[in-house]
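Working notes for the structure below.
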Amino acid sequence: MTLERSPLHAAHVELGATFVEFGGWEMPLSYPSGTLAEHLACRHGAVVFDVSHLGTVRLEGPGSFALLQATLTNDLGRIAPGGAQYSHLLAEHDASVLDDMIVWWLGEERFDVMPNASNTASVRAAIGGVDVTAGRVVLAVQGPRAREALAAVSPEAARVGRFRTVAFQLRGAACVAAGTGYTGEDGVECAVPAEVAGKVLADLLAAGAVPAGLGARDTLRLEAGLPLHGHELGPGITPLQAGLGWVVAWSKPTFAGREALAAERASGPRRLLRGLLGDGRRPLRSGMTCARTAGPIGGGQQGAGPRSETSDLAGEVVGQVTSGNFSPVLGRGIGLAFLAPDTPGGAELLVTGRGAGLPATVVRPPFHRLALPARS
Amino acid sequence: MEIPETLRYTDDHEWVRIDGGRATIGITDFAQSALGDVVFVQLPEPGAAVARGATLGEVESTKSVSEVYAPLAGVVIEVNPELASSPERLNSDPYGLGWLCVIEVATGEDFATLLTAERYRELTQS
């Protein structure tokens, strides 16, 4: 299979990017400054990601609103034209999340739906529309200084509100900006035609935005506690299990998978997505097993005293890690995990796999906003 | 890609600095570059005996986990204490401050079986 490339591929090569395959695309993994520096630049300054691998499916014409409203889980009635909304497409038979996406409501009966790269086909099968992914670039400008950098390109785009969209012109080209992102920071995502994208990227970099790759995008979204399809969402995983009940508008008479999801709501989800904070630097990793501790695993307070790094102390298994890595802000291993629904917040678990036994505490993300106790 | 002439290498991208019967071990510039930002290093306790080719430790970056293998048999006599809090030294100075450990090499081990800088350079370019 030939990998798709962003229209800005040559610019990324020029910037010294290393590349990674993701969802059928070859996209920047990191630039020479490295994932950690890119991550911290987003938390403290401004970064720009090329996220052209996200799909854009355009729905236009009478019936577009009604079709989306009757298919996706969230309620477009909560927003209006010019708004943006996070929503789910569920499987009819078991309410699995087929995709999670942002819907840009651009005009009365005009929508750009932005699925994950590898799910564009299944989303089109459900809602139709025209795939306009090719020929446009999506740049995500993120971080506390993102709007400052973007103002150098378009003051109009830089002023777009949170979960709002705005159409704007650049050198005569029609562009759209949305106050959305995937980092836990303020920011704007801009869809621009390929022919002006190189100039936009160059202007953003000149204005102080740091180029960032999918490596930092993943550590940022994990630190913010945001789900990634294929890890926290996917076959067999419902929005209720993922803790995303707010994405489901029960007030709507229909959406795909409503009946199956209602059954789960009545019986209660069999597992829930939770945050795990490791007590050391070692990253938690996807696939690791979470167990209750059979006995005390450390003397005194959390983090105090040496702890055995063996799995001898593991008790009853309560779940599995879906994503894990190192939190650059906390300096600790972190992860998201599906756990038995009765696992209390603050519970201390032993996370095991690959020969490691890592003590971890059940916490509520976003991780980068947690106040850690002073360590001895 | 820096490959110091004075060191010996393995095809698993470890470097070895030989000093009498002792060998200081680290990972190469090529290895750290491929791994990306290192965030955690697992090393053996001093006193641990290691067989040639056995797992010596693990290096974890934001994108992957890689094992480090013992280039020579022996006993670990020292580990780099700074790496617990500053594993990024493997990226910033792989042949210097980023050293991993020192092994008291077992008798009978033959340094000549390790790769020369020239051979290792060929390996990384192939």
Side-chain angles (χ1 to χ4, degrees), chain A residues 16-22 27-41 212-223 278-288 306 308-310 321 323-335 353-358 375, chain B residues 1-2 12-13 27-51 53-70 76 79-94 97-98 100-101 124-125:
Chain A
T18 55
F19 293 86
V20 66
E21 189 274 330
F22 184 75
M27 297 300 289
L29 172 70
S30 61
Y31 297 84
S33 62
T35 294
L36 292 179
E38 293 165 22
H39 182 112
L40 294 172
L214 293 186
R217 191 168 163 82
D218 192 49
T219 52
L220 285 159
R221 71 91 193 167
L222 178 63
E223 210 174 56
D279 82 340
R281 288 184 62 99
R282 189 165 195 164
L284 307 186
R285 297 289 186 185
S286 169
M288 285 181 160
S308 164
E309 283 219 329
T310 72
V321 177
S323 290
N325 211 318
F326 174 76
S327 162
V329 167
L330 299 181
R332 304 252 204 121
I334 57 171
R354 297 183 15 262
L358 310 173
R375 312 195 72 194
Chain B
M1 204 63 64
E2 194 193 346
D12 295 314
H13 308 285
I27 67 167
T28 65
D29 192 16
F30 180 89
Q32 70 77 20
S33 172
L35 284 170
D37 288 339
V38 174
V39 294
F40 179 80
V41 181
Q42 171 83 17
L43 291 170
E45 294 290 323
V50 291
T55 301
L56 191 60
E58 271 184 350
V59 176
E60 297 205 27
S61 71
T62 51
K63 70 176 187 187
S64 67
V65 184
S66 296
E67 297 199 317
V68 178
Y69 302 100
V76 176
V79 300
N80 186 342
E82 302 297 330
L83 298 183
S85 57
S86 302
E88 68 277 3
R89 291 180 178 203
L90 268 73
N91 296 115
S92 59
D93 193 7
L97 296 174
L100 293 175
C101 62
T124 59
Q125 287 167 353

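The model shown is predicted, which means the values in this text are computed figures rather than measured ones. In the text below, chain A, chain B and the rest are named by the order of the sequence lines, each starting its count at 1.
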| said: Less than 4.5 Å to any heavy atom of chain B: does that hold for the side chain of A:Ala216, its backbone, both, or neither? | reply: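 Answer is neither: A:Ala216 stays 4.5 Å or more from chain B.
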| task | Could you check which of A:Pro283, A:Pro328, A:Gly333 has the highest count of heavy-atom pairs closer than 4.5 Å to chain B? | result |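 When all of A:Pro283, A:Pro328, A:Gly333 are compared, A:Pro283 has the most.
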| message | Taking CD in B:Glu45 as the centre, count heavy atoms belonging to other residues, nucleotides or ligands within less than 6.0 Å. Is the count above 12? | response |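 No.
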| field | Candidate pair A:Thr35 and B:Lys63, rule side-chain contact (heavy atoms from CB on, under 4.5 Å), full reasoning | value | CA-CA 9 Å; A:Thr35 294; B:Lys63 70 176 187 187; over 6 Å; no
| message | Between B:Ser64 and chain A, with a heavy-atom cut-off of 4.5 Å, which part of the residue counts as in contact: side chain, backbone, both or neither? | response |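 Looking at B:Ser64, just its backbone touches chain A.
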| message | At a 4.5 Å cut-off on heavy atoms, which part of B:Ser33 comes close to chain A: side chain, backbone, both, or neither? | response |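 Contact with chain A: none, neither part.
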In Å and rounded to the nearest 0.5 Å, what is the [atom1] to [atom2] distance from [X] to [Y]?
X: A:Arg354; Y: B:Glu67; atom1: CZ; atom2: CD; answer: 8.5 Å
X: A:Leu29; Y: B:Thr62; atom1: CG; atom2: OG1; answer: 7.5 Å
X: B:Asp37; Y: A:His39; atom1: CG; atom2: NE2; answer: 11.5 Å

| query | Can you check whether B:Phe40's main-chain N or O pairs, donor with acceptor, with A:Arg282's side chain at less than 3.5 Å? | reply |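 Absent.
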| task | Measure across A:Arg281 and B:Val39 and return the closest heavy-atom pair with its distance rounded to 0.1 Å. | result |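 Answer, listing the atom of A:Arg281 first, then B:Val39: NE-O, 2.9 Å.
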